[in-house]
Amino acid sequence: MSEEVRLQVVDISKTFGITRALKNVSFNINKGEVHALIGENGSGKSTLTNMLTGIYPMETGKFILDGEEIHPKNQVDANNMGISIIVQELGTLSGLTVAENIFLGHEDRFIKYGIRNTARMNAEANELLHKYGFDNIKASNMVDDYNFEDRKLIEIVKATYFHPKIVVIDETTTALSQEGREELYKHMNRIRDEGNTVIFISHDLSEILSKSDTITVLRDGVYIDTIKSKDVNEEDLKRLMVGREVTGKYYRNDYGEPISDEVVLSVKDVTVPGLISDVTFDLHKGEILGFGGLSESGMHEIGKAIFGASYDREGQVLLADGTNITSIPQAIKHSIAYTSKDRDNESIVINQSIRDNIALPSLDKLKRVEKLPLLSWPRIKAFALKFAKEMSVKMVATDQFVSELSGGNKQKVVLARWIGKDSDIVVLDSPTRGIDIKVKQDIYQLMDQMRRQGKSIIMISEELMELIGMCDRIIIMKDGRLNGEILRSKDLDEHKLIEMMV
């Protein structure tokens with residue numbers, strides 16, 4: 001690892017309204033290293049890297065790249081300076097092909113006499129996809145043809161094919177299965193070995209320690225410390241991030257508790273063509289039922305099918321009273337909640353307020369008069385504030401737009417809306433994606449509390465340890481079908497789950 005400085009971050013500050021996101025942050029990043037950037041949600045990590053990559057305008061301070069001050073105006077400008085980013089949410093554009101996304105902003109390479117050579121663009125993109133090992137993705141296909149994970153793989157190609165000096169990876173691993181993560185780690189190592197730099201943002205502290213060389217910690221927009229990964233452990237990082245010891249229960253510590261015989265939901269022979277086939281299982285009262293699998297296993301489609309969001313679904317999703325759930329309004333009416341892995345597009349209304357997002361599923365109980373379609377604004381405001389505070393959303397006020405929040409705080413808003421709804425059946429797809437260590441602990445304790453209250457939870461996750469730590473049963477999916485079931489046990493480890501996945 002080189003000690004030669006690649007990037008100097010000098011007195012960077014940024015405000016959003018009255019919120020001070022960054023306060024005179026200064027530190028150095030070297031060539032040939034994976035430099036992790038960690039902190040709780042709202043600590044300023046993504047704000048800093050979004051300014052570096054031209055997504056947000058500079059305010060005060062400066063970035064010095066290889067001895068020269070830079071002021072990227074947008075992402076294409078940053079690319080031309082040798083800086084790229086793989087963003088936390090989807091960074092591909094719908095309505096364009098895979099090749100058009102990979103070469104977005106650089107299409108002039110394929111234009112001669114005002115005519116674009118699409119065949120050449122596709123051929124070069126396919127060559128890159130093959131080189132990266134992503135042969136299942138075709139350059140000429142529309143990017144909308146691919147699922148969330150494949151679109152993240154396309155972003156890896158887009159951000160790294162031109163050998164940039166700095167690649168920012170912002171919470172990307174949380175969107176990937178283990179297979180996808182291994183691909184990303186491989187390219188992170190390649191970038192470092194070429195003498196270039198990765199800025200790596202993740203809330204998975206074990207991943208940070210194993211995959212990075214150096215770690216910088218931010219807390220509430222303030223620089224705290226920069227340390228070598230080999231010199232610290234997870235407890236050290238938690239203390240630096242939070243400013244105190246993180247104590248208390250993390251995962252559940254109970255074993256051997258019997259699962260209730262009362263079935264609250266029966267999924268019978270559910271098929272979504274091309275995604276899942278003949279899926280059948282029961283969910284019991286007060287149970288946390290986990291679903292795990294590889295990226296193409298179909299586990300993420302399970303949540304959509306239960307919530308009535310898979311429009312070509314076959315089979316039945318039956319409540320205890322025999323009601324067959326076939327649509328989203330019907331699911332909400334019958335006390336089913338769902339949070340999607342694709343947060344920005346499927347779980348929140350990004351350009352609406354925190355207040356509106358939290359209140360939206362609960363409008364029926366926020367009427368001024370029960371039988372009239374008149375909403376009580378004081379009740380809506382009080383309701384939204386209560387559950388935003390319960391989830392510790394970092395915000396100016398509940399009328400702040402969700403688009404202004406960090407990824408982790410967006411996820412808190414998603415969870416707040418369904419906690420407020422007080423649903424009996426809660427389907428959580430990747431519930432802790434982009435969430436810091438302390439809030440993860442809060443979410444796990446909330447799930448434990450909900451099951452003790454008799455709520456039933458389905459948790460779909462690529463995080464094997466949270467499945468093991470939180471679930472009464474774990475169902476493993478493979479190739480769109482159920483491939484086995486494991487009961488909660490002290491002896492259960494990741495290897496047993498992986499054996500069933502592959």
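One is the number of the first residue; the rest follow in order along the sequence. Because only heavy atoms are used, hydrogens play no part in the values below, and waters and symmetry mates are left out as well, while side chains stay in.
A cation-pi geometry, defined here as NZ or CZ lying under 6.0 Å from the six-membered ring centre and within 45° of its normal, holds between Lys238 and Tyr250. Seen from the ring of Tyr255, Arg488 counts as a face-on cation partner, given the 6.0 Å and 45° thresholds.
A salt bridge is absent between Glu40 and Arg219: the closest approach of a Lys/Arg side-chain nitrogen to an acidic carboxylate oxygen does not fall below 4.0 angstrom. Under 4.0 Å is where a charged nitrogen must lie from a carboxylate oxygen, and between Glu183 and Lys186 at least one such pair does. Taking 4.0 Å as the cut-off between side-chain N and carboxylate O, Asp491 and Lys496 do not count as a salt-bridged pair. A salt bridge links Asp220 to Lys394: at least one charged side-chain nitrogen sits closer than 4.0 Å to a carboxylate oxygen. Salt bridge Arg190/Glu194: present, at least one basic N to carboxylate O contact under 4.0 Å. Checked for salt-bridge contact, Arg451 and Glu257 meet the test: a charged N lies under 4.0 Å from a carboxylate O. Taking the charged nitrogens against the carboxylate oxygens, Asp213 and Lys228 have no contact shorter than 4.0 Å, which rules out a salt bridge. Using a cut-off of 4.0 Å between Lys/Arg side-chain N and Asp/Glu carboxylate O, Arg252 and Asp254 are scored as salt-bridged.
When the shell of 6.0 Å around CG of Asp278 is examined, it contains more than 12 heavy atoms from other residues, nucleotides or ligands. Annotation for Glu234: atom CD counts as buried by contact number, over 12 foreign heavy atoms lying within 6.0 Å.
Here the OG1-NZ distance, from Thr172 to Lys152, works out to 5.0 Å after rounding to the nearest 0.5 Å. Taken to the nearest 0.5 Å, the CG atom of Asn30 stands 7.5 Å off from the OG1 atom of Thr197. Here the CD1-CD1 distance, from Ile474 to Ile288, works out to 11.0 Å after rounding to the nearest 0.5 Å. Put simply, CD1 on Ile227 and CD1 on Ile38 are 6.5 Å apart, with the number rounded to the nearest 0.5 Å. Here Ser430 contributes atom OG and Met299 contributes atom CE; the two are 6.5 Å apart, rounded to the nearest 0.5 Å. With rounding to the nearest 0.5 Å, the separation of CD1 in Ile350 from OG in Ser403 is 6.0 Å.
For the residue pair Asp282 / Ser266, a side-chain donor-acceptor distance below 3.5 Å is found, with atom types taken as modelled. Inspection of the Ser340 and Asp342 side chains reveals no N or O donor paired with an N or O acceptor under 3.5 Å. For the residue pair Thr214 and Glu33, a side-chain donor N or O sits within less than 3.5 Å of a side-chain acceptor on the partner. Side-chain contact of Thr47 with Asn50: a donor-acceptor pair under 3.5 Å is absent, judged by distance alone. Counting only N and O atoms by type, the side chains of Asp170 and Ser46 include a donor and acceptor under 3.5 Å apart. A donor-acceptor contact closer than 3.5 angstrom links the side chains of Asp204 and Ser206. For the 3.5 Å distance criterion, the side chains of Ser212 and Ser229 qualify, holding a donor opposite an acceptor. Side-chain contact annotation: Glu155 with Thr92, donor-acceptor N/O pair under 3.5 Å absent.
Aromatic rings from Tyr146 and Phe134 are positioned such that their centres are separated by 6.0 Å or more. Here Tyr161 and Tyr132 keep their ring centres 6.0 angstrom or further from each other.
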I would like to know whether Val413 and Ile358 meet side-chain contact (heavy atoms from CB on, under 4.5 Å); could you show each step before the answer?
-> CA-CA 6 Å; Val413 171; Ile358 293 175; 4.0 Å; yes
Pair Ser310-Glu301, side-chain contact (heavy atoms from CB on, under 4.5 Å): steps then yes or no | CA-CA 8 Å; Ser310 300; Glu301 193 59 40; 2.4 Å; yes
Verdict with reasoning, Glu287 to Arg473, per salt bridge (Lys or Arg N to Asp or Glu O under 4.0 Å) | CA-CA 8 Å; Glu287 177 185 30; Arg473 286 187 296 149; 2.5 Å; yes
Ring pair (Phe, Tyr, Trp, His ring centres under 6.0 Å) between Phe200 and Tyr185: does it pass, once the steps are laid out?
-> CA-CA 11 Å; Phe200 184 42; Tyr185 298 149; 7.0 Å; no
Side chain to side chain donor-acceptor pair (under 3.5 Å) between Thr53 and Gln75, intermediate numbers included | CA-CA 6 Å; Thr53 54; Gln75 282 183 264; 5.6 Å; no
What's the verdict on side-chain contact (heavy atoms from CB on, under 4.5 Å) for Leu482 and Val279, showing C-alpha distance, side-chain angles and the deciding distance?
-> CA-CA 6 Å; Leu482 305 189; Val279 171; 3.9 Å; yes
Do Leu7 and Asn28 pass the side-chain contact (heavy atoms from CB on, under 4.5 Å) test, and can you show the C-alpha distance, the side-chain angles, and the key distance before you say yes or no?
-> CA-CA 6 Å; Leu7 180 72; Asn28 291 340; over 6 Å; no
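Contact detail for Gly39 and Lys45: the closest heavy-atom pair is O-NZ, 3.1 Å. Nearest heavy atoms, Ile425 versus Leu283: CG2-CD2, 3.9 Å. Here the closest non-hydrogen pair linking Gly95 and Asp144 is N-OD1, 2.9 Å. Closest heavy-atom contact between Arg433 and Lys341: NH2-O, 2.8 Å. In terms of heavy atoms, Leu129 sits closest to Ile137 at CD1-O, 3.4 Å. Closest heavy-atom contact between Lys285 and Gly454: CG-O, 3.5 Å.
Contact check for Leu184 versus Ile169: side-chain heavy atoms found under the 4.5 Å cut-off. With a 4.5 Å cut-off on side-chain heavy atoms, His284 and Leu289 do not count as touching. Looking only at side-chain heavy atoms (C-beta outward), Thr97 and Asn141 stay at 4.5 Å or farther from each other. Using a 4.5 Å heavy-atom cutoff, the side chains of Val270 and Thr280 are not in contact. Residues Lys304 and Arg313 fail the side-chain proximity criterion, which asks for heavy atoms closer than 4.5 Å. For the pair Val167/Ile85, no side-chain contact is recorded, criterion being any heavy-atom separation below 4.5 Å from C-beta on. Within the 4.5 Å cutoff, no side-chain heavy atoms of Val98 are placed close to those of Lys138.
The aromatic rings of His35 and Phe27 lie parallel to each other, with less than 30° between the two planes, well short of the 60° mark. Relative orientation of the Tyr251 and Tyr444 rings is tilted, given thresholds of 30° and 60° on the angle between their planes.
A donor-acceptor pair under 3.5 Å is formed between the side chain of His334 and the backbone N or O of Gln330. Formation of a donor-acceptor pair under 3.5 Å by the Asn324 side chain with backbone atoms of Leu318 is not found in this model. Not one N or O on the side chain of Thr271 forms a donor-acceptor pair closer than 3.5 Å with the backbone of Ser277.
Legend: residues meeting side chain to side chain donor-acceptor pair (under 3.5 Å) with Asp424, ordered by chain and number and at least two apart, are Ser335, Lys455. Asp145 is linked by a side chain to side chain donor-acceptor pair (under 3.5 Å) to nothing, counting only residues two or more places apart in sequence or in another chain.
Checking each of Glu463, Glu462, Glu149 against Arg181 for a salt bridge (Lys or Arg N to Asp or Glu O under 4.0 Å) leaves exactly one that passes, namely Glu463.
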